[in-house]
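Working notes, structure below.
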Amino acid sequence: MTTNAARETRVTGTLPLRTGREFLADLRRRKPSIVVDGEIISDPVSHPAFKQGAYAVAALYDYAAAPENRAVMTFKSPKDGAPVLRAYQIPKTHADLRDKRIASTKWAEMTFGLMGRTPDHVAGFFCGFAAKPSVFAAGGDQFARNVVAFYEHLRDTHAYVTYAIVPPQIDRSKPANLQEDPTLYAGVVKETDAGIYISGAQQLATGAVYSDYIHLSCIHPLRPGEENYAVSLAVPTDAEGVRLYSRRAFPLGATDAAEYPLTSRFDETDSMVVFDNVFVPWEHVFAYRNLEVCRDQWWKTPAHLYGNLQAQARYTTKLRFLLGLAKRMNEMTGNDATPPVQVMMGELASYASIVEGMLNSQETLATTDEEGVLWPSKTALYSVMALQSEINPKMIDVVRELTGAAMITLPSSFKDFDNPDTAKDVERFYKSGKADARSRVALMRLAWDFIGTEFGNRHQQYEKFYGGASFLVKMNMFRSFDFKGAGELVDKALNLPPLAD
Ligand SMILES: Cc1cc2nc3c(=O)[nH]c(=O)nc-3n(C[C@H](O)[C@H](O)[C@H](O)COP(=O)(O)OP(=O)(O)OC[C@H]3O[C@@H](n4cnc5c(N)ncnc54)[C@H](O)[C@@H]3O)c2cc1C
């Protein structure tokens with residue numbers, strides 16, 4: 001049950017900036033129900049599956065709270081002028097959007113782009129919702145008031161929200177209401193004067209074990225008959241009846257942080273969220289049994305654009321890290337000056353620069369609508385997201401190609417350096433022309449953890465699907481592209497004036 005009372009109730013003024021220590025203390029006070037390896041646990045901070053991830057999030061809060069980072073990481077709450085996370089700023093100008101991007105990049109650099117659903121991701125969605133309350137008002141004015149009030153509450157308590165907005169893959173050939181049990185997919189099962197009750201499951205809430213709230217909704221198109229699943233609401237992660245089924249926790253297999261420097265620190269976990277008759281008070285409901293509002297919240301507000309600006313700032317950072325790793329590995333193997341290797345590095349750098357260029361274009365091509373709301377460029381965002389599922393594996397493959405066996409031909413562990421019988425060989429044969437054996441092995445283990453481990457492979461799945469399957473993102477691109485302008489060029493070519501005599 002919720003114990004984090006200060007953050008749970010409406011705040012009348014803004015709380016002081018949350019530190020990492022406070023974040024961890026809040027996480028400890030809460031008692032979420034998390035399933036891992038046949039156990040139900042309630043203290044992720046103490047469990048080896050989640051502990052280091054919790055500390056990685058705490059470090060983000062500490063960074064934002066540090067006085068020297070305030071200007072970059074915070075803005076003044078419109079409520080009382082107190083500093084609040086930049087992640088909750090509703091951008092009004094291009095400069096605001098730039099500031100949001102820089103704040104997200106600073107956080108992304110702290111995890112090398114390896115934690116996707118940090119507190120700035122879903123915060124962006126709520127900024128977008130609050131920027132366009134009229135979309136929610138289409139279901140009733142109270143829903144517009146609810147979403148704005150909840151956004152302000154998140155902002156002024158520096159809260160961390162994650163989301164589960166995709167139905168489980170139980171049987172996609174049938175709509176939710178025609179499944180063998182209509183409570184398989186998360187939906188409304190009861191309504192009272194005080195609120196509603198939700199039962200069923202929704203995938204796949206990355207970071208949920210660390211978050212204060214889970215946003216439950218559905219981004220897949222819903223059809224008449226599926227009204228019970230057409231909701232948008234928030235529940236505290238520790239609400240009674242919420243259970244998080246975490247996928248395999250990779251840190252449990254990362255026996256030594258030196259061997260698995262990334263797995264051991266940055267596993268944000270992904271959870272199926274199961275709701276068992278969970279009560280949601282009306283004030284936390286933003287769309288209720290309304291197919292249009294449930295759809296329009298994503299596409300008629302800038303929520304999807306603001307949230308994914310963070311995703312692209314993170315991805316850009318991660319690609320910079322990948323380029324750095326590849327370059328350093330080439331230096332270690334002595335191939336760095338080889339022209340064909342430089343050509344391949346140039347190819348990698350081209351992809352990374354395109355992604356970064358499109359991130360910047362989201363800002364520079366942003367437009368303001370008739371209500372004064374700033375919309376980052378859809379085409380700049382969706383073109384990268386649509387191709388990310390192709391670019392990313394290609395880039396990883398180029399790095400694999402470049403490194404040959406370098407990430408595999410390594411001692412069984414760093415212990416081989418400590419045994420006097422083996423140390424001499426290990427020091428001698430695992431060194432590089434540029435570095436001693438320990439440094440070379442450390443770099444190659446880092447690269448393998450990024451690319452080849454279970455953690456590294458999960459990341460490749462993440463980059464393919466974090467923003468939806470690519471056929472859906474390509475449809476977004478289809479809807480956003482200026483085909484009219486393109487067609488006008490064709491008309492012009494079909495109506496060329498006669499050739500000059
Ligand atoms: C690591 C990871 C983290 C994630 N984090 C989150 C999160 O934090 N919150 C959240 O809500 N979700 C999250 N997701 C879930 C993500 O949103 C979904 O995986 C994504 O929307 C794709 O949906 P799906 O997995 O159900 O795939 P499906 O929709 O089942 O698609 C799988 C494949 O089936 C084929 N296919 C299916 N239908 C069609 C069709 N109509 N036309 C053409 N081809 C089709 C395509 O090849 C497609 O790639 C995450 C996913 C991953 C892998």
Enter the distance from [X]:[atom1] to [Y]:[atom2] here, rounded to the nearest 0.5 Å.
X    : Y    : atom1 : atom2 : value
D449 : T263 : CG    : OG1   : 3.0 Å
I219 : L472 : CD1   : CG    : 8.5 Å
H304 : Y306 : NE2   : OH    : 14.5 Å
M407 : L446 : CE    : CG    : 11.0 Å
D296 : T301 : CG    : OG1   : 9.0 Å
R101 : K106 : CZ    : NZ    : 10.5 Å

- Query: So R117 and V122, side-chain contact (heavy atoms from CB on, under 4.5 Å) or not? Walk me through it.
  - Reply: CA-CA 7 Å; R117 305 308 200 206; V122 179; 5.6 Å; no
Does [X] reach the main-chain N or O of [Y] with its side chain, forming a donor-acceptor pair under 3.5 Å?
X    : Y    : result
E22  : G20  : no
R243 : V274 : no
R265 : P261 : yes
D276 : V242 : no
H121 : G307 : yes
R18  : H158 : yes
E463 : Q460 : no
E226 : A176 : yes
Q179 : K174 : yes
W282 : T192 : yes

Compare all side-chain heavy atoms of [X] with those of [Y] and state whether any distance is below 4.5 angstrom.
X    : Y    : result
F75  : V84  : yes
P32  : V209 : no
L85  : Y61  : yes
M477 : M385 : no
V166 : Q202 : no
L216 : I198 : yes

- Message: Between T162 and S211, does the side-chain hydrogen bond (donor to acceptor under 3.5 Å, both in side chains) criterion hold? Intermediate values first, please.
- Response: CA-CA 6 Å; T162 52; S211 65; 2.9 Å; yes
- Query: Does one side chain, of Y213 or H153, offer a donor that lies under 3.5 Å from an acceptor on the other?
  - Reply: yes
- Query: Do T269 and D267 meet the criterion of a side-chain donor-acceptor pair at a distance under 3.5 Å?
  - Reply: no
Minimum heavy-atom separation for [X] to [Y], with atom names?
X    : Y    : value
I90  : A130 : CD1-CB, 3.9 Å
A87  : C127 : O-SG, 3.4 Å
R70  : L17  : NE-CD1, 3.0 Å
L60  : W107 : O-NE1, 2.9 Å
A137 : D141 : CB-OD1, 3.8 Å
A205 : V273 : CB-CG2, 3.6 Å

- Residue pair R438, D418: steps toward the salt bridge (Lys or Arg N to Asp or Glu O under 4.0 Å) verdict: CA-CA 11 Å; R438 268 185 191 274; D418 301 331; 3.2 Å; yes
- Query: Please walk me through it: do Y55 and K51 pass side-chain contact (heavy atoms from CB on, under 4.5 Å)?
  - Reply: CA-CA 6 Å; Y55 275 81; K51 178 176 176 173; 4.0 Å; yes
- Query: Is there a salt bridge (Lys or Arg N to Asp or Glu O under 4.0 Å) between K394 and D397 once you walk through the steps?
  - Reply: CA-CA 5 Å; K394 182 147 196 205; D397 203 51; over 6 Å; no
- When you check the gap from the basic side-chain N to the acidic O, do E268 and R314 get nearer than 4.0 Å? no
- Message: Can you tell me which residue among D212, T237, D238 is in a side-chain hydrogen bond (donor to acceptor under 3.5 Å, both in side chains) with R30?
- Response: D212
- Query: So with a 6.0 Å cut-off around CZ of R328, is the heavy-atom count from everything else above 12?
  - Reply: no
- May I ask you to check whether over 12 heavy atoms, not counting those of E68, lie within 6.0 Å of atom CD? yes
Parallel, tilted or perpendicular: which describes the rings of [X] and [Y], with under 30° parallel and over 60° perpendicular?
X    : Y    : result
F150 : F286 : tilted
H215 : Y163 : tilted
Y466 : Y462 : parallel

- Item | Qualifying residue, where the test is side chain to side chain contact (heavy atoms under 4.5 Å, CB included) with Y88 and the options are R155, E152, K100 | R155
- Full working for salt bridge (Lys or Arg N to Asp or Glu O under 4.0 Å) between R248 and D37: CA-CA 8 Å; R248 175 118 205 93; D37 285 347; 3.3 Å; yes
- Task: In sequence, state the C-alpha distance, the side-chain angles, and the governing distance for E240 and V278, and then conclude on side-chain contact (heavy atoms from CB on, under 4.5 Å).
- Result: CA-CA 6 Å; E240 195 165 358; V278 174; over 6 Å; no
- Would a line drawn from the ring center of Y210 to the ring center of Y160 be shorter than 6.0 Å? no
- Is there a side-chain contact (heavy atoms from CB on, under 4.5 Å) between R400 and I451 once you walk through the steps? CA-CA 8 Å; R400 283 181 183 271; I451 287 172; 3.7 Å; yes
- Criterion salt bridge (Lys or Arg N to Asp or Glu O under 4.0 Å) on D270 and R458, from CA distance to verdict: CA-CA 10 Å; D270 311 289; R458 176 265 179 196; 2.7 Å; yes
